[in-house]
2 protein chains.
Amino acid sequence: MSTRAPRQPQRRRPTRSGVLLSEELITDTALRLIGEHGPEALSVRRLGAALGCDPSALYRYFRNTDDLLLAIADRIIGDAMDGFTPGPDWVASLREMASRVRAGYLAHPRAAAMAAYRVTRRENEIRAVEAGVGLMLSAGFPPPEAVRLYLAFIDTVLSHAALDASCVALPRQQREADQRAWTEAYQAVDPEAFPALTTVRGELRRLGESSFDEAVDLLLAALAARAPGKAART
Amino acid sequence: MSTRAPRQPQRRRPTRSGVLLSEELITDTALRLIGEHGPEALSVRRLGAALGCDPSALYRYFRNTDDLLLAIADRIIGDAMDGFTPGPDWVASLREMASRVRAGYLAHPRAAAMAAYRVTRRENEIRAVEAGVGLMLSAGFPPPEAVRLYLAFIDTVLSHAALDASCVALPRQQREADQRAWTEAYQAVDPEAFPALTTVRGELRRLGESSFDEAVDLLLAALAARAPGKAART
DNA sequence: ACTTTGCGTCAATGCTGTTGACATAAGGCG
DNA sequence: CGCCTTATGTCAACAGCATTGACGCAAAGT
């Protein structure tokens, strides 16, 4: 393959503005750009400008923008999972994984919204998969089920975290308007046509809140109920 | 607001090629374009070409491409839930809702991927919430819990559907590369450092599949286990 | 028939990612 | 130390993108 992009350049040369480029510096700057000016602020040209280098220099470090995006995603994963070690209680450990992923995504909401559904196939992601699958195995699930259930778990966590991140990434006004909608627009529905909504009218504001914890709790409860260790006890 | 885009033009004039434009014709053609030539085929220019009009004519009907995508998304929701009526079996009904949402999203993945995280607070959405909350109430959950659990359910369904749609919406090459990652990059890991991955190595390709059904099943199982009707029987 | 004005068309602007040629300096080697 | 290779930053160019403002035609209202 002649077109591969070297991950670790050996002959780094300062740019016109004196900066020494590196994969880490580039992803850092990209995350800062996205955080400050929104996801649409991330373009090769703007990133080059922010780094003080020619835009095309980035192609010495990443094959294309998708490759760059995956690197950013992997970095978020790495930051979130930094220092995590699975404990003996597999349910509690999975819950902590979920919590960490969510925190990592919320720390970079706009970048997370772009990268949540990608497979980075890089170091940090691989380590996270190892930890999650290991927990499923330690719960007593046989390999095929362990993989399937881990996937269901991590997809729920990732997609819920992305959902939360997307909401946080919305402009302030729009987010508040969405929140108000539940306590305003939905209060005035016709009782005849919408009996259920009328019954729960006082609780509807909860629809604007995050369901992350509830969903994770439900999923972990279902997993615990299905775990072989549990069945063996009866 | 002086820049609003009229939804129902009053003086339609045939284009150079003789077509009478309309919002419906435009969304139809957009969905057809996506369906026939892949998600990346949707651009203002190509859409104009497919319609036989100048690209800029579309701006008489939609403020911008985002507005166009929302119109498409609204249509997808309506189509997906068309004809749905909750039945007596609340678990089966919720499962059908989930299935319908997913099918609707997957039929038009790119539009769905972009619009999934928004609150439309329009007619179709309100009807869906009414149906879902009604099912939770019929399961015996008191109002506060019914709302919380419905939210956890629908967020899981929506975000999983969006996850699936996002993968399908990826350009072909990227999607295949993501899929290949599980059977290539993940096969070669060091057995010492990654014992769990090594154990389940043969099953890893499942990580590229959708976890939608598994996640919905787990969630519905947890809901059924928590339903008051069930507890009353013991 | 005349006026108003909605709407399709044209041309132009400033973005975007990506590539190939080029030059220059880093680092190995004598 | 000085030469050579080549990695790497720079430059210029291309095709495609969304969007906009001016313009003129034709449809609708009177």
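Treat the numbers as computed from the prediction; the structure is a model and nothing was measured.
- Listed by chain and residue number, B/Ser211 satisfy the side-chain hydrogen bond (donor to acceptor under 3.5 Å, both in side chains) test with A/Asp155 (two or more places apart in sequence, or in another chain).
- Applying the salt bridge (charged side-chain N to carboxylate O under 4.0 Å, His left out) test to A/Asp54 and every residue at least two apart in sequence or in another chain returns nothing.
- Per the geometry, OH belonging to B/Tyr61 stands 18 Å off P belonging to D/dT19, to the nearest Å.
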Tabulated below should be each protein N or O lying under 3.5 Å from an N or O of nucleotides 25-27 of chain C; please produce it.
{"from": "C/dA26", "atom 1": "N3", "to": "A/Arg11", "atom 2": "NH1", "distance (Å)": "3.3"}

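- Rounded to whole Å, atom C1' of C/dT9 lies 12 Å from atom CG of B/Leu58.
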Inset, instruction - Give the B/S/- string for nucleotides 13-21 of chain C, one per nucleotide from 5' to 3', where a protein heavy atom under 4.0 Å of the base yields B, of only the sugar-phosphate yields S, and otherwise -. - result: ---BBBB--
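- Listed by first then second residue, pairs satisfying ring-ring contact (aromatic ring centres under 6.0 Å, His included) with a partner in residues 148-183 of chain B read B/Trp182-B/Tyr186, not counting sequence neighbours.
- The interatomic distance linking B/Leu20 (CG) with C/dG6 (P) rounds to 18 Å, in whole Å.
- In this view, B/Arg201 satisfies the side-chain hydrogen bond (donor to acceptor under 3.5 Å, both in side chains) rule with no residue, not counting sequence neighbours.
- Regarding A/Leu51, its CG atom lies at a distance of 13 Å from the C1' atom of D/dG9, rounded to whole Å.
- Rounded to an integer number of Å, the gap from CG of B/Leu69 to P of D/dT19 is 10 Å.
- Atoms OG1 and CG, on B/Thr183 and B/Leu207 in that order, are 11.0 Å from each other to the nearest 0.5 Å.
- Pairs passing the salt bridge (charged side-chain N to carboxylate O under 4.0 Å, His left out) check and including a residue from residues 33-48 of chain B, sequence neighbours excluded, read B/Arg32-B/Glu36.
- Rounded to whole Å, the distance from CG on B/Leu33 to P on D/dC17 is 12 Å.
- Every residue two or more places apart in sequence or in another chain was checked for a side-chain hydrogen bond (donor to acceptor under 3.5 Å, both in side chains) with A/Asn64, and none qualifies.
- The distance from atom CD of B/Glu23 to atom P of C/dC7 is 13 Å, rounded to the nearest whole Å.
- Residues that satisfy the side-chain hydrogen bond (donor to acceptor under 3.5 Å, both in side chains) test with B/Asp28, not counting sequence neighbours, are B/Arg75.
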